[in-house]
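The block underneath contains the structure these notes are about, expressed in structure tokens.
Order of the sequence lines fixes the chain letters, A, B, ..., with proteins taken first and strands second; residue numbering starts at 1 for each chain.
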Amino acid sequence: MQDDVILKISNLSKSFGPVKALRGVDFELRKGEIHAVAGENGAGKSTLMNVIDGILQPDSGEIILDGAPVTISSPTEAQRLGIGFVHQEIALCPDVSVAENIFMSRTNVSRSWLMNYEKLERDAANVFRRLSDIDASVLLRELSISNQQLVEIAKALTLDCRILILDEPTAALTENEAQTLFRIMRELADQGISIIYISHRMVEILDNCDRVSVFRDGKHIVTSDVADITPGDVVNAMVGRIVDKLYPEKQSADETSEEIILDVKNLNEGPRIRDVSFALKRGEILGIAGLIGAGRSEIARGICRLEGAATGEVWLLGEKLALRNYQDSIAKGMVYLSEDRKGDGLFLDLPISENVSALNLDQVANRLGLIRASSEISQAGDLGRKLNLKCGSLSDPVSSLSGGNQQKVALAKMLSVNPRLIFLDEPTRGVDVGAKSEIHRILRDLARSGVGIIVISSELPELIGVCDRVIVVREGRISGEVAGHDMTEENIMRLASVMDAQAVSF
Amino acid sequence: MENAVSLAETQASKVQGVPFWRKLLKMRETGLIVIILALFVVMSFASPYFLSWANMRAMSMAFAVDGILVIGMTILLISGGIDLSVGSVTAFAMVIAGWLFLNGINPWLASGIAIALCAGIGAFQGFFVTKVGLHHFIVSLAVMVIARGACLLFTGGRPLGLFTLPPEFKFIGQGSIGPVPIVIIIFLVFVIAFDFLLRRTTMFRKVFYTGSNEKAAAYSGIRTKKVIFLTTTLCSTLCGIAGIIYMARFGSAQPTFGIGLELTVIAAAVIGGASLNGGSGSILGAILGVILLSLVSSSLALLDVSVYWQDIIRGSILLSAVTIDHYLNKRRR
């Protein structure tokens, strides 16, 4: 078997600042196999794939292609070596035709001065003959997301690649489209192309792949033939850390209270939020689970009036709210921690102290509306101490901090207005394990002190570890609720996915 | 970050920890002042007239009114916008006030109307940017052309002679208190006021938030559209004020005044540290930027360098300033 190994990676490491994304990873890809790569978010899958595609350079370790060590310096170099990568996000030009998109790299290296559109379309039609009945002459923007995804795959197929990396290609595909894709994948594998297939869906992995490698916390855990492994083994390998130590104590029996902090009744907003009702009691941490796009964040943002115009009743501590906008929500003590820290949570190039004060500048200003720098610094200093923020100076820009400390700044920003209820959307995304458990402990302390805490997360172990109760959202509706011993990944996934346990997403 | 420590341990020493002189060294303004002083020294040797009172006065008159435009532009840039219409709108204020005056309206009232109209132009641009959702660049490009057209329409393309302006009105542009021209005093008042407002007030802090990350600002409960609308309006209003001062100074209204002025103004703001991506900039820096550009122009004139070379040199200064800043920023990251 040893001689049909096409790609061998040994002892590969990669760090981003203090975050070790890959720690001495080994990986082996055979000729003509479909090799699934599984792991939780942040396990290092994407980093590894980006290294193989030359987007990232490893800190140490070796990549051996066809028995010879190689340095993959860029995606162009990867392409030359026969490595194709279909990214999860669609990276195509919406304003040009499907055919041009498919052959973009061929056009790029073409020596001809003029575009030969007829030939492009003919060739594209040939590619699609095997894939689907997409018209290659239409503009890309006119296609559905799933068809755009197929164009991405078609594009990769036209490059003569020996190794094809597919990063969650079925996430946006329908069942039929996915089956077509698997058929094509098998054909390609039979032609000798090796496929690395990243997926969260256990069923897909077990039905369509030859081998599976599991990663966790930047380490390679196990590689096995699919025939020799059960879904449970894979999940254990993915999750398999001692969960109890990582998470704070749950709410104890004598801490339960009947006092209701938030009561939402019949929240509706078009197709995104449908008839959502739930309540949050004092002292508990409530989780909201669901697949990406199910409407988890939309519910939180709808309640806070950050977007949309949801109808329905929202009661906060016995008071019926009539919010016009998010400013009103902040004034009532209801705040939302964004899931996208860099995109819309923080002002990266502004000082830490100015980030913390942003929600309510009046707190650090005098009656004339003049900001007192000393108040601003001491506000950030007090909250920073409370959250164990590690930073040089409070006047340094937030971009100088690690992910975990940036998140603490975002959290300090929320706490600056003494909120009565905080929605935390992916509170530990991109945060290292140490800071993660610190943040979880802070959330528990806040809940104990009477602040309402609602956590939205894609990481099921986090929800199960932190929350006292989890409501599950599917297609804008609440599809169920789990608490206590019923709070298991299997139960949550069953409620979150359309087909029982088919679309397992961690 | 290698000496990152927990806040709890070293809070007190860290907050005031950075020595003042080191902060000063890092500031962009310091670098500009050094360059300006160096130019001063070199020029005082190169030309005997350079340090004369008349030359100093002429130079400061040259940048003072443009300085008011730079203030508006800097604030707009910080909020993430840009305005190409400043030159035209300045001329527009001049022309409207002059035209109203020639039609028998009191010059003070005429000036008030002209400034209000300029504010209206700013609001008009703000509307297209925030409500319609067009880009500042395009909207202000269109307004630049429209305002210039309006100037020519009102004047028939010829300058309006305003010899009958009352002396107390001309005093704004031509008079002095003691040795100090009124124009300089107005300029200093604006600079000090806006520098203070921008550094200290909650109102203007929201401008920084909006420009730094509009979405994050909205997620902090800031009405970002309102902020952008107001900075756009402010910029055009300051153009109106500058136009009136120019009119008082020249004693005439020139429809072709300020062609290409927007580029000088943007260049000054950017040399002074304003980012075209929004979120950073300072009034003091921008003013130093305009002083530097003006100093270079008058130095080159004193040295008998052709005006055509002046543009080439000014453009090169802009490019070098921005390039140096780009690399300094990169290293800091």
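Among residues 189-212 of chain B, the residues having any heavy atom closer than 4.5 Å to a heavy atom of chain A are, in sequence order, B:Phe196, B:Arg200, B:Thr201, B:Thr202, B:Arg205, B:Lys206, B:Phe208, B:Tyr209, B:Ser212. Heavy-atom neighbours of chain B within the stretch residues 337-347 of chain A, taken at a separation under 4.5 angstrom, comprise A:Ser338, A:Lys342, A:Gly343, A:Asp344, A:Gly345, A:Leu346, A:Phe347. Within residues 294-304 of chain A, the residues that have a heavy atom under 4.5 Å from a heavy atom of chain B are A:Arg301, listed by number.
Residue A:Gln327 holds its CD atom at 10.0 Å from OG of B:Ser220, rounded to the nearest 0.5 Å. For the atom pair CG of A:Leu361 and CD1 of B:Ile222, the computed distance is 6.5 Å after rounding to the nearest 0.5 Å.
Here the closest non-hydrogen pair linking B:Tyr219 and A:Tyr326 is O-CE2, 2.9 Å.
Per-residue heavy-atom pair counts under 4.5 Å with chain B were compared for A:Leu387, A:Asn366, A:Leu306, A:Val335, and the maximum is reached by A:Leu306. Between chain B and the options A:Asp328, A:Val417, A:Leu350, A:Asn355, heavy-atom pairs under 4.5 Å are most frequent for A:Leu350.
Contacts between A:Ser353 and chain B at a heavy-atom distance below 4.5 Å are absent for every atom of the residue. Heavy atoms of A:Leu359 lying under 4.5 Å from chain B belong to its backbone as well as its side chain. Only the side chain of A:Glu376 comes within contact range of chain B, with at least one heavy atom under 4.5 Å from a heavy atom of that chain. For B:Ala217, the parts lying near chain A are the backbone and the side chain together; criterion is any non-hydrogen pair under 4.5 Å.
Other residues, nucleotides and ligands contribute only 12 or fewer heavy atoms inside 6.0 Å of the NZ atom of A:Lys332.
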Distance-only donor-acceptor pairs under 3.5 Å for side chains of residues 66-81 of chain B, two or more places apart:
{"unit_1": "B:Asp66", "atom_1": "OD1", "unit_2": "B:Tyr246", "atom_2": "OH", "d": "2.5"}
{"unit_1": "B:Thr74", "atom_1": "OG1", "unit_2": "B:Val70", "atom_2": "O", "d": "2.7"}
{"unit_1": "B:Ser79", "atom_1": "OG", "unit_2": "B:Leu76", "atom_2": "O", "d": "2.8"}
{"unit_1": "B:Ser79", "atom_1": "OG", "unit_2": "B:Thr231", "atom_2": "OG1", "d": "3.0"}

